[in-house]
**Student:** 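Below you'll find the structure I mean.
Start at 1 and go down the list; that is how both ligands and their atoms are numbered. All values reported here derive from a predicted model rather than from experimental measurement.
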Amino acid sequence: LSTTVLRLRLVAQRPVRYRAGQHVVLWTSGGIARPYSLASLPDEDRFLEFHVDCAHPGEFADAARQFKVSDPVRLGELRGGALRYDPDWQEQPLWLMAAGTGLAPLFGVLREALRQDHQGPIRLVHVARDDSEFYLRAQLQALAAEHANLTLEWVLRSELADYLLQLRVVARQTHALVCGHPDTVEAFAKRLFLAGLSRNQLLADAFLTRS
Ligand SMILES: Cc1cc2nc3c(=O)[nH]c(=O)nc-3n(C[C@H](O)[C@H](O)[C@H](O)COP(=O)(O)OP(=O)(O)OC[C@H]3O[C@@H](n4cnc5c(N)ncnc54)[C@H](O)[C@@H]3O)c2cc1C
């Protein structure tokens, strides 16, 4: 999807029941197991899609770079995490704030919200190291062209502090879903809290690593 983000699509041997925003442990045939978020939508996609950050060396990332079509990958248990779309939010503002491959589950949640005909404004913010890492940009722009209530913002990580300073929560009913690298998730969460968003309207999932 970009120079550092690998898109992995798996075809499950048996149907997998999941919802947008969930994650699952992926096992390589060599026995390396790591959690990854589902970027696909049940009912709409015939494959399970994952976005693997390969920017840094890592056991799973290194193995994933070598995957070939038809290689087996085992799936562990599906986990809920915090991220989801709730139809009760239909009329309310929905903010989706992703850092790096934190876009994976939020892309799924976004498509689910649009599928359920979300009526309130949707704001998607993608934070990345540099311009070339704003992946899925064309797909997001195509969705925004079809849905007038969807606005998109791309923010460089070096400009995140300034971006956060001008962030204002206008509607008290706003629901914010934040996902990605722990530092960025924390920065968003702090700012949203200071801007007046109540804690139960903030759903955050940080991509903790083993180290
Ligand atoms: C619920 C959940 C969902 C997730 N979803 C996603 C997702 O959709 N996409 C995604 O890209 N990631 C996701 N992650 C994060 C991903 O699971 C971790 O980053 C995972 O550890 C990567 O595995 P790896 O084997 O490639 O790297 P690891 O070998 O586990 O290393 C993790 C990081 O630490 C660094 N590192 C390793 N050893 C050392 C060392 N000795 N000193 C310094 N640095 C070191 C590596 O360079 C690497 O960047 C998710 C995490 C969680 C908890």
Side-chain angles (χ1 to χ4, degrees), residues 1-12 16-42 44-45 47-68 71-85 96-113 124-130 132-137 139-140 154-157 160 176-189 202-211:
L1 292 169
S2 76
T3 45
T4 64
V5 179
L6 178 93
R7 175 160 66 190
L8 177 63
R9 285 180 169 171
L10 304 178
V11 179
V16 179
R17 289 168 64 91
Y18 69 98
R19 58 171 170 72
Q22 285 192 298
H23 61 266
V24 65
V25 172
L26 300 182
W27 290 77
T28 67
S29 54
I32 304 159
R34 298 287 187 275
Y36 282 93
S37 307
L38 282 145
S40 47
L41 262 198
E44 299 235 335
D45 299 320
F47 45 78
L48 304 173
E49 179 165 318
F50 302 89
H51 302 160
V52 180
D53 186 352
C54 293
H56 306 288
E59 279 189 278
F60 190 94
D62 293 349
R65 276 202 212 95
Q66 307 300 322
F67 282 162
K68 289 185 285 305
D71 275 357
V73 173
R74 282 191 298 130
L75 300 178
E77 201 186 327
L78 272 167
R79 292 275 164 77
L83 309 174
R84 66 199 159 87
Y85 178 70
L96 306 172
M97 305 177 140
T101 47
L103 184 59
L106 295 184
F107 186 59
V109 170
L110 169 66
R111 287 175 63 211
E112 181 60 24
L124 183 133
V125 184
H126 190 199
V127 181
R129 282 176 288 261
D130 60 68
S132 66
E133 296 301 324
F134 292 129
Y135 72 92
L136 289 182
R137 200 173 178 142
Q139 288 88 332
L140 288 167
W154 289 275
V155 179
L156 290 171
R157 194 166 294 168
L160 181 63
L177 276 59
V178 186
C179 186
H181 190 276
D183 292 349
T184 312
V185 168
E186 199 186 314
F188 265 119
L202 171 71
L203 305 179
D205 239 356
F207 283 178
L208 299 170
T209 60
R210 295 175 312 145
S211 40

**Student:** Any idea which atoms of ligand 1 are less than 4.0 Å away from a heavy-atom of E59?
**Tutor:**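 Listed by number with element, the hits are 24 (P), 25 (O), 26 (O), 27 (O), 29 (O).
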
**Student:** Relative to atom 35 (C) of ligand 1, which among P57, A206, G58 owns the nearest non-hydrogen atom?
**Tutor:**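 Heavy atom nearest to atom 35 (C) of ligand 1 belongs to P57.
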
**Student:** Quick check on contacts: which atoms of ligand 1 are under 4.0 angstrom from a heavy atom of L208?
**Tutor:**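 Heavy-atom distances to L208 below 4.0 Å select 51 (C), 53 (C).
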
**Student:** So which bit of R79 gets within less than 4.0 Å of ligand 1, heavy atoms only: side chain, backbone, both or neither?
**Tutor:**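 No part of R79 comes within reach of ligand 1.
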
**Student:** Near F60, which atoms of ligand 1 are under 4.0 Å from a heavy atom of that residue?
**Tutor:**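 Checking each atom against F60, I get 23 (O), 24 (P), 25 (O), 26 (O).
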
**Student:** Between A61 and ligand 1, does any nitrogen or oxygen pair lie at a separation below 3.5 Å?
**Tutor:**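 Right, the criterion is met.
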
**Student:** Please name all residues satisfying ring pair (Phe, Tyr, Trp, His ring centres under 6.0 Å) with F188, sequence neighbours left out, ordered by chain then number.
**Tutor:**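 F188 satisfies ring pair (Phe, Tyr, Trp, His ring centres under 6.0 Å) with no residue once adjacent residues are dropped.
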
**Student:** Could you tell me whether the side chain of E44 and the main chain of L41 form a donor-acceptor pair under 3.5 Å?
**Tutor:**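 No.
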
**Student:** Below 4.0 angstrom from a heavy atom of H23, which ligand 1 atoms are there? Numbered from 1 as shown, please.
**Tutor:**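 Within the 4.0 Å cut-off of H23, ligand 1 contributes 1 (C).
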
**Student:** Quick one: side chain to side chain donor-acceptor pair (under 3.5 Å) pairs with a partner in residues 24-33, sequence neighbours left out?
**Tutor:**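 The answer is none; no pair qualifies.
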
**Student:** Assess, by modelled atom type and distance only, whether the side chains of E133 and T4 contain a donor and an acceptor separated by less than 3.5 Å.
**Tutor:**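 Judged by distance alone, the side chains do pair up.
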
**Student:** Hey, are E59 and R34 close enough for a salt bridge, meaning a charged N less than 4.0 Å from a carboxylate O?
**Tutor:**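 Yes, charged N to carboxylate O under 4.0 Å.
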
**Student:** Using a 4.0 Å cutoff against the non-hydrogen atoms of V52, which atoms of ligand 1 qualify?
**Tutor:**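 Per the distance check, 11 (O).
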
**Student:** Mind checking whether Y36 has a heavy atom under 4.0 Å from ligand 1?
**Tutor:**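 Yes; Y36 lies near enough to ligand 1 that a heavy-atom distance drops under 4.0 Å.
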
**Student:** Distance check, rounded to the nearest 0.5 Å: F47 atom CZ versus S40 atom OG?
**Tutor:**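 So the gap between those two atoms works out to 6.5 Å.
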
**Student:** Taking N or O atoms only and a 3.5 Å limit, does D205 qualify as a polar contact for ligand 1?
**Tutor:**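 It does not: no N or O of D205 is found under 3.5 Å from an N or O of ligand 1.
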
**Student:** Could you walk me through whether H51 and Y135 pass the side chain to side chain donor-acceptor pair (under 3.5 Å) test, one step at a time?
**Tutor:** CA-CA 10 Å; H51 302 160; Y135 72 92; 3.0 Å; yes

**Student:** So, is H56 polar-close to ligand 1, with some N/O to N/O distance under 3.5 Å?
**Tutor:**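 Between H56 and ligand 1, no N or O pair is found under 3.5 Å apart.
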
**Student:** Just by distance, no angles: are the side chains of Y36 and T101 close enough, under 3.5 Å, to form a donor-acceptor pair?
**Tutor:**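 Their side chains do not contain a donor-acceptor pair, so the 3.5 Å distance test is not met.
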
**Student:** Considering only heavy atoms, which of A33, A39, P35, G102 lies nearest to atom 17 (O) of ligand 1?
**Tutor:**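 Going through A33, A39, P35, G102 one by one, P35 has the nearest heavy atom to atom 17 (O) of ligand 1.
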
